There are 2 protein chains.
Amino acid sequence: MNTTTRATLNDVAREAGVSLATVDRVLNKRPGVHARTVNRVADAVARLGYRPDPSAARLARPKPHRVCFVLPAGNNSFVAMLRDQVTDNLGWASDHRVTLEIAAVDVFDPAELAEGLRSTKGNFDTVVVVAHDHPLVRAAIDELVDAGMGVVTLVSDAPSSRRHRYVGIDNVAAGRTAATLMGRFLAGRPGEVGVVAGSLALRDHAERWFGFGQVMASEFLHLKVLPPLEGKDDSLRTEPLMRELLAAHPRLIGLYSLGAGNRGIAAALREADRARDVVFVAHELTPYARRELLSGTMDAVINQDAGHEVRSALRQALSRLTREPVLSDQERIRIDIYVKDNLP
Amino acid sequence: MNTTTRATLNDVAREAGVSLATVDRVLNKRPGVHARTVNRVADAVARLGYRPDPSAARLARPKPHRVCFVLPAGNNSFVAMLRDQVTDNLGWASDHRVTLEIAAVDVFDPAELAEGLRSTKGNFDTVVVVAHDHPLVRAAIDELVDAGMGVVTLVSDAPSSRRHRYVGIDNVAAGRTAATLMGRFLAGRPGEVGVVAGSLALRDHAERWFGFGQVMASEFLHLKVLPPLEGKDDSLRTEPLMRELLAAHPRLIGLYSLGAGNRGIAAALREADRARDVVFVAHELTPYARRELLSGTMDAVINQDAGHEVRSALRQALSRLTREPVLSDQERIRIDIYVKDNLP
DNA sequence: CTGTTAGCGCATTCAT
DNA sequence: ATGAATGCGCTAACAG
């Protein structure tokens, strides 16, 4: 079970018959080393099973890695949770010789996001961004990558950009999960199911809707899914929309809210006195959602753990810089299901 | 957002007007320092907001911390997952100057567990144990604690012992969660619900049963919960039990398996051709449970993440040794719910 | 009771 | 193209 004492850089140097500095050059792929020497060192590394000691590496590193979180501006609860998680990790970051900064941009404006991203160029080693799958944003991301920076997308991906990692959930699967819960909680009752999104132009929202529709159409044919409403993730807009929906659809027995703005939805449900009757499935376990789960207005919440996401983004950002390995198992972001009984 | 450059031990020494060694003595609570000096140093630490650099500390530490995992013997799938997770973390451990060892003992025999625990005394700094809430085991744990070792209970706790931490889920809440899923999936259908445990003498099993009963009795009065069967977590024993149960109860429409031995249960359900009809809720997302979820035999699985548990136990074990802070948020083990759509 | 000193393993000048 | 030397912040052995 024990690993015998690790080989050090010095061991490798001796084994390869070269000096410390040379080994360092080949390990960090710096130029100016003869090909023959490179091989010699590589062999020695392999023979000794050398792995750099991360503690020593950190200690010796003269300047910190700089990472910037580019997060949506505004007072959305989930975004607030992300922001809090970043500040909660300041100590950890400092222990690992990394400095953290947060920038806020308007997510619904791709040009501004792109601009915000570009402005980090040269000032950071890595940027972690809640992206938006839009040409301007993709271009900005690729520009940073070309400049040698690390780019990690968080929560919302830009898959066709050249970002190094995406940290977040599979939103299609999340939509499917919501559908399964909806269908099973409704257990055979026929009727209509409403869907409220923030904006279907947002890739994650579109994906959730897609997954939801997939399962509803194949497994719960007795339920009629209504066309999605778009409330811009804003309670002030979702509330009237929801009020109309309820008035127009007396047979509505289920509601899937795949974005934010849930306070408005809950308010309309209560006003119509249908909060208990309608099965309400939403996303993100905010303090507010927690209360609604306990009150019985919400029946299930699909969640992505903001803390886990921020830590994972940090670990992956670092691993690119230090080539420390990551345990892929630990970095997989789960699709959490919460009901009133398993709240953390 | 940035932390200014951290104060070092040397800064503290200078600020307090003493030497490095004295500061070290104070910080590590070693004896032989005048009370006045202790205060001087403490003040300097506070004034400078000093936090030790964990990398430097690890690098300088001459010998590794030794931690021993005392896990149940046998071929239970969940225990196999725990074991695998320990070996998966060997690299991490080595990076943190800790050595890992695994010992296997028979969980169902408290005397053997106690003996196994005692045998680690002096050979390890910390032991992580899947405990058993039994007087002999509690005594053995307390003995290790008295000897200055760290003790972390994993998955199964011994609450009245003096263990430093418990890493695992709230099993009462897990039972309640199972009941809510059962009740809602059954959605008003009246009938009987069976319960299969490993042994109600095991505290975690008893707690799950308790939580399950709580919710069933208060929220789903149309469902009749049958007395629990005990299958020793063994498919060879659960299968015949289950076969009898099905024969005796044609109105059985739900089954909660709160321990292991699920293969036997599924086999009996299939044999009686009632796998699709009975709502089957079980624990632990083993490779086997995964398949049954996809096949539709199992309807939901309550899980505790073995990887998360092992890493958390490790971090907490280390934090006691190095007094590095832990993010409590990160150490909370979630009660995961899996359906066929959100499988990792 | 308190101070001095020598590394831990690596990154990085500065020489050669 | 390669090597020697210095120091990161801390622990622990050794001197006073």
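Note that the structure is predicted; figures quoted are calculated from it, not measured. In the text below, chain A, chain B and the rest are named by the order of the sequence lines, each starting its count at 1.
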**Study point:** Value rounded to 0.5 Å, distance of CZ in R163(B) from CG in L154(B)
**Key:** 12.0 Å

Review point. What's the spacing between I333(A) CD1 and I169(A) CD1 if we round to 0.5 Å?
Key: 9.5 Å

Check your understanding: Distance check: side-chain N/O of T22(B) vs OP1/OP2 of dT2(C), anything under 4.0 Å?
Key -> no

Review point. Could you go step by step and tell me if E15(B) and D43(B) meet the side-chain contact (heavy atoms from CB on, under 4.5 Å) rule?
Key: CA-CA 9 Å; E15(B) 177 84 8; D43(B) 285 356; over 6 Å; no

Exercise for review: Specify the residues of residues 32-46 of chain A, ordered by number, for which at least one heavy atom lies under 4.0 angstrom from an atom of DNA chain C.
Suggested key: none

Exercise for review: Find the distance between CG (L82(A)) and CZ (F69(A)) and round it off to the nearest 0.5 Å.
Suggested key: 9.0 Å

Study note, to complete from the structure: Heavy-atom contacts, protein to nucleotides 7-16 of chain C, under 4.0 Å, summarised as B (base), S (sugar-phosphate only) or - (none) per nt, yield BBBBBB----

Review point. Rounded to the nearest 0.5 Å, how far does CZ of R66(B) lie from OG1 of T99(B)?
Key: 7.5 Å

Exercise for review: Scan V129(B), V151(B), L136(B) and name whichever one has a side-chain contact (heavy atoms from CB on, under 4.5 Å) with L117(B).
Suggested key: V129(B)

Review point. For the helix from dC1(C)-dG16(D) to dT16(C)-dA1(D), what is the angle between the axes at its two ends, each from 5 pairs, rounded to 10°?
Key: 40°

Check your understanding: Distance-only, no hydrogens or angles: does the D11(B) side chain make a donor-acceptor pair with backbone N or O of T8(B) under 3.5 Å?
Key -> yes

Practice item. Step by step, work out the salt bridge (Lys or Arg N to Asp or Glu O under 4.0 Å) result for R6(B) and D53(B). Key: CA-CA 9 Å; R6(B) 309 164 61 125; D53(B) 180 327; 5.3 Å; no

Exercise for review: Identify the 5'-most and 3'-most nucleotides of DNA chain D with at least one atom closer than 4.0 Å to a non-hydrogen atom of chain A.
Suggested key: dA1(D) to dG9(D)

**Study point:** Verdict with supporting geometry, K121(A) and D146(A), salt bridge (Lys or Arg N to Asp or Glu O under 4.0 Å)
**Key:** CA-CA 10 Å; K121(A) 203 193 301 184; D146(A) 285 334; over 6 Å; no

Point to revise | N/O donor-acceptor pair under 3.5 Å between S312(B) side chain and E309(B) backbone | key: no

Practice item. Tell me, please, which residues at least two apart from E324(A) pass side-chain contact (heavy atoms from CB on, under 4.5 Å). Key: P54(A), R58(A), T322(A)

**Study point:** side chain to side chain donor-acceptor pair (under 3.5 Å) against R320(A), all qualifying residues, sequence neighbours excluded
**Key:** none

